[in-house]
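Have a look at the structure below before the remarks.
This one's a predicted model, so the numbers in the text were calculated from it and none came from an experiment.
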Amino acid sequence: DYSIRLYHKNENKSFPWDAVSLRNSLDKHIKLIGASFRTKEEVSEAIMDEMDYVTVPPNVLELCFNNEQAQSDYDKLYT
């Protein structure tokens, strides 16, 4: 029921598309999981690759939501 895409342990770069194609042709109930991320760009890529779930370490998750402009605007308003 699950297919896991390990981003740094899988050398086949077409695997995300192959997995999505296989899921769509066989069983819509298969869930695709992206794992082993090291950058926010990889998380974004997994989302764009139609992964159903992603496992993200806390430090990478923080990078995904870090926005310097928003933080600067917040600091001006509330400090």
Side-chain angles (χ1 to χ4, degrees):
D1 290 345
Y2 292 90
S3 173
I4 298 177
R5 165 52 155 112
L6 299 172
Y7 275 71
H8 286 283
K9 297 180 182 176
N10 187 336
E11 295 179 7
N12 181 358
K13 298 297 181 188
S14 70
F15 181 77
W17 301 284
D18 296 343
V20 169
S21 294
L22 185 62
R23 175 189 61 190
N24 292 342
S25 66
L26 294 178
D27 183 357
K28 299 283 185 182
H29 295 97
I30 293 172
K31 301 296 181 195
L32 301 176
I33 302 170
S36 186
F37 299 104
R38 295 184 182 151
T39 68
K40 67 180 181 180
E41 290 78 18
E42 291 171 345
V43 174
S44 178
E45 179 183 331
I47 293 168
M48 298 305 291
D49 288 345
E50 300 183 40
M51 295 293 119
D52 296 299
Y53 302 99
V54 294
T55 62
V56 183
N59 63 319
V60 175
L61 186 61
E62 183 177 337
L63 291 173
C64 292
F65 291 99
N66 186 14
N67 181 313
E68 290 181 22
Q69 182 62 48
Q71 186 63 48
S72 174
D73 292 346
Y74 178 88
D75 291 343
K76 287 177 188 174
L77 287 171
Y78 298 106
T79 57

Residues in salt bridge (Lys or Arg N to Asp or Glu O under 4.0 Å) contact with Glu50, at least two apart in sequence or another chain: Arg23
Atom pair CE/CD of Met48 and Glu41 - distance to nearest 0.5 Å: 14.0 Å
Shortest non-hydrogen separation from Val54 to Ala46 and the atoms involved: CG1-CB, 3.8 Å
Smallest separation among heavy atoms of Phe37 and Thr55, with atom names: CD1-O, 3.0 Å
Gln69: side-chain hydrogen bond (donor to acceptor under 3.5 Å, both in side chains) partners, not counting sequence neighbours: Asp73
Apart from Tyr78 itself, residues in the same hydrophobic cluster as defined by side-chain heavy atoms under 4.5 Å: Tyr74, Leu77
With sequence neighbours excluded, residues passing side chain to side chain contact (heavy atoms under 4.5 Å, CB included) with Leu63: Lys40
Qualifying residues under side chain to side chain contact (heavy atoms under 4.5 Å, CB included), relative to Ser21, sequence neighbours excluded: none
Heavy-atom neighbours of Glu62 CD exceed 12 at 6.0 Å: no
Closest non-hydrogen atom pair, Ile30 against Asp52: O-OD2, 3.8 Å
With sequence neighbours excluded, residues passing side-chain hydrogen bond (donor to acceptor under 3.5 Å, both in side chains) with Asp75: Gln71
